[in-house]
Amino acid sequence: MSINIKRVIPIASSLPKRIERLNDLAYNLWWSWNPEAINVFSKIHPVLWDSVSHNPVAFLQQVSRTLLNRVANDKQYLDLYDRVVNNFDSYMGEKETWFVKNYPEVTAGQSIAYFSFEFGLHESIPAYAGGLGILAGDHLKESSDMGIPLEAIGFIYNQGYFVQKITEDGWQETSNFYLDFNKLPMIPILDEKDKPILISVQLPGREIKARIWQIQVGRVPLYLLDTNISENSSFDQQLTAKLYTSDLETRISQEILLGMGGVRVMRALGYNPTVWHMNEGHSAFLSVERCAELVRQGKTFEEAKEIVRKGNVFTTHTPVPAGNDKFPVWLVEKYFSQIWPDLGLTREQFIDLAKEASPYGDQFTMPILALRLSERCNAVSELHGQVSRNMWHFLWPDRKVEEVPITHITNGVHTFSWLSRRMGILFDEYLGTEWRLDPSNPKVWEKVDSIPDAELWAVKRHQKRKLMRFINDKARAQWLTGEVHPVQTIAAGVLLDADALTIGFARRFPTYKRGYLILRDYERLLRIINNVDAPVQIIFSGKAHPADEPGKLIVQQLYRAIKDHRTGGRMVFVENYDMDIARHLVQGVDVWLNTPRRPMEASGTSGMKAAMNGCLNFSVLDGWWHEGYNGKNGWAIGDDKTYESDEKQDEMDALSLYETLEDQIVPIYYSNRSENGVPTTWMSWVKEAIRTLSPQFSTRRMVGDYVREMYIPAIKESEE
Ligand SMILES: *Cc1c(COP(=O)(O)O)cnc(C)c1O
């Protein structure tokens, strides 16, 4: 049924024959989680590699032929190149994957379609805003490693997410840029006549078309929709320009394109997925399209709905009703009145699929649509599971709250994308190579205790110095622009000290993350950071959503404190948080601070990245930390108690934060030093953290859970 499809990998530049496979490597993100493959590019020209944000396509386009010729004749380089190409080919050609070994009964052609509004794959592909996207990116990388038959659907936003600059007064300014698709590792999907294959969806009064790009994530293909083509009006060309606009009409149009259009992409490319996984409710309209397909084949809507439900998996990430994606009913009427007759439904029946009463009138709530039409639903941590079952209890009024059909699968992170290269080498030496085969096996991680303190400490110190240099280079580049006040260069981190206890706080800045909490008793904070015998420094980074004024005020409040000379340059703000900054921070700092207002942090993942790199978490017992914390692998802020008011909660949490810092974290870091200065008690905490948290919060464990609890049951049930 599918037409001929061409996926021709573009040629970034003409390469010497001996190293021509660099092009294949550049067009598959596999390189990004393999340190040797990173070196295959960076070794050619390290400065250029950094200046193109580690984008191998742009790198190959810009690197000089002279340099390429030189490495093509360099024995040492060619050894590396050959090894990497061999590893790549055997990875891509692997037949005995984890999935095949565990589920030989699943037949070829049965697959999982994974839908997400955003994907955080790498800093060179800015199609993500935060945790939801990074989780989706890590899900794809792990699915590739495990050989899961999965293909993904999303958008490529030609203006990416915004670039953040902080003014001298601490105000966040945003600018947009245009991504040059020719510089991204994107493969155009073409028909036999080399024309882009287009899919279309119906919007009020018009049809809107989209072309499809493919990004190859190891063995997993990600298909990205793009409406910026001449077949659309100039207005519609902008539909996929930006991530998370506040305009509701744009939003509903994007969600129709992702959900309904995404199903059409699958069909156009010849896929017939058995399982349809929605990462958040943004893609829930996929059920409308799938039901319409079945109704066209002669099923009633009720029959269609039952079939669709069996294959649907829905992951919810939102812990509060206000955070849910919803549309006023009049808007849904405008966009769907031409579609619901295809389902054999009346207006009321259609709206009822996702209706939620509110003081502002009835709303059409996307997570409700997803919950009602998915047999399998999950939250992203144990605590978030409880919260979700309470929040959605009203949809199942006859059941007890424990019986609301939402389970939980706690998030994880892709070990090989986030672990520092040096730490990986240390693990190879002391854990044996098994840890690479199955990073979720706790037994393998028990050997962490055998790593000599001095060696682990040496790696930590190396990572920290690397972080300081990275921040210094950024500060220098900013100063060189001639556009910043000198105090901003201090705020950017030039006075950081590689020997001081270093805390990282990096995340988006919505109010619930309480970026301001640490400032609550400012004088006490100053005493802590300026203790000459035991100094503490804090590195902040993160973006507020451009429409989030309170979030921008928190950034400003922090920045004003950072600029205060009394901090001695020990508090800094690193502009324009992205995956590159995140990677340097989680690998380099000693303590990872997180202060969400419970239970607003559904899971959180940055702390997991920090833990496996030997950084100790210091966090409110919310999200994943509620499960991860054991009293010896990091610290809790506050306890399980929730206070009557936000103000009281802030007061108590801030007190706990200062006390724990003063009485535990700082003394443990600076005391019990061995002759060579190794903090021996600290190292026992670090080992406990690596040992207990790395396996449990890996995507290897997480994707395994999805396969066992969601995908395989859905496949089995769909066969019946
Ligand atoms: C991991 C990551 C996040 C998510 O972290 P949280 O702990 O959920 O706040 C956000 N942004 C970037 C760039 C990340 O790498």
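Throughout, residue positions are numbered sequentially from 1 according to the sequence presented. Quick caveat, the model's predicted, so the values are computed rather than measured. Atoms within a ligand are numbered from 1 in the order they appear, just like the ligands themselves. Any value given below was found using the heavy atoms of this structure, including those in side chains, with hydrogens, waters and symmetry copies removed.
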**Q** Taking the six-membered ring for Trp, are Trp49 and Trp31 closer than 6.0 Å centroid to centroid?
**A** yes

**Q** Below 4.0 angstrom from a heavy atom of Asp578, which ligand 1 atoms are there? Numbered from 1 as shown, please.
**A**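 What qualifies from ligand 1 is 13 (C).
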
**Q** How does Lys609 reach ligand 1, by side chain, by backbone, by both or by neither, if only non-hydrogen atoms under 4.0 Å count?
**A** side chain

**Q** Is there a side-chain contact between His282 and Arg251, using heavy atoms and a 4.5 Å cut-off?
**A** yes

**Q** Run the salt bridge (charged side-chain N to carboxylate O under 4.0 Å, His left out) check on Asp578 and Lys543 step by step: do they pass?
**A** CA-CA 9 Å; Asp578 69 358; Lys543 294 173 175 177; over 6 Å; no

**Q** Just distances here: any N/O of Ser606 and N/O of ligand 1 closer than 3.5 Å?
**A**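 Between Ser606 and ligand 1 (N or O atoms, distance only) the closest approach is under 3.5 Å.
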
**Q** Say you draw a straight line from CG of Leu519 to CD1 of Ile538; how long is it, rounded to the nearest 0.5 Å?
**A**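 Going from the CG atom of Leu519 to the CD1 atom of Ile538 covers 8.0 Å.
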
**Q** For Arg583, state whether at least one heavy atom is located under 4.0 Å from any atom of ligand 1.
**A**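 Arg583: no contact with ligand 1 (<4.0 Å).
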
**Q** Below a 4.0 angstrom heavy-atom separation, can you tell me which part of Trp625, side chain or backbone, both or neither, approaches ligand 1?
**A** neither

**Q** Which residue owns the protein heavy atom closest to atom 10 (C) of ligand 1, what's the atom, and how far is it?
**A**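 Residue, atom and distance for the closest contact: Gly131 N, 3.7 Å.
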
**Q** Give the atom numbers and elements of ligand 1 that come within less than 4.0 Å of a heavy atom of Arg507.
**A**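 Within the 4.0 Å cut-off of Arg507, ligand 1 contributes 9 (O).
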
**Q** Can you tell me if Trp418 has a non-hydrogen atom under 4.0 Å from ligand 1?
**A**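 Yes.
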
**Q** I need the atoms of ligand 1 closer than 4.0 Å to a non-hydrogen atom of Tyr577, numbered in the order shown.
**A** 11 (N), 12 (C), 13 (C), 14 (C)

**Q** For Glu118, run the side-chain hydrogen bond (donor to acceptor under 3.5 Å, both in side chains) check against Tyr244, Tyr128, Tyr157, Tyr161 and tell me which one passes.
**A** Tyr244

**Q** I want to check a possible cation-pi pair here: Arg520 against Tyr516, using under 6.0 Å from ring centre and within 45° of the ring axis as the test.
**A**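 Checked: cation-pi criterion not met.
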
**Q** Could you tell me whether Phe573 and Phe540 have their ring centroids closer than 6.0 angstrom?
**A** no

**Q** Any non-hydrogen side-chain atom of Glu142 less than 4.5 Å from a side-chain atom of Arg700?
**A**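 Yes; the side chains approach each other to less than 4.5 Å.
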
**Q** Does only the side chain of Ile581 get under 4.0 Å from ligand 1, or the backbone, or both, or neither? Count heavy atoms.
**A** neither

**Q** Can you list the atoms of ligand 1 that are under 4.0 Å from a heavy atom of Gly604?
**A**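 Per the distance check, 7 (O), 8 (O).
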
**Q** Taking atom types as modelled, is there a side-chain donor on Glu601 or Asn594 under 3.5 Å from an acceptor on the other?
**A**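 Short answer, yes.
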
**Q** Looking only at protein heavy atoms, which one is nearest to atom 9 (O) of ligand 1, and how far off is it?
**A** Lys513 NZ, 3.1 Å

**Q** Tell me which part of Thr605 gets within contact of ligand 1: side chain, backbone, both or neither, using heavy atoms under 4.0 Å.
**A** both

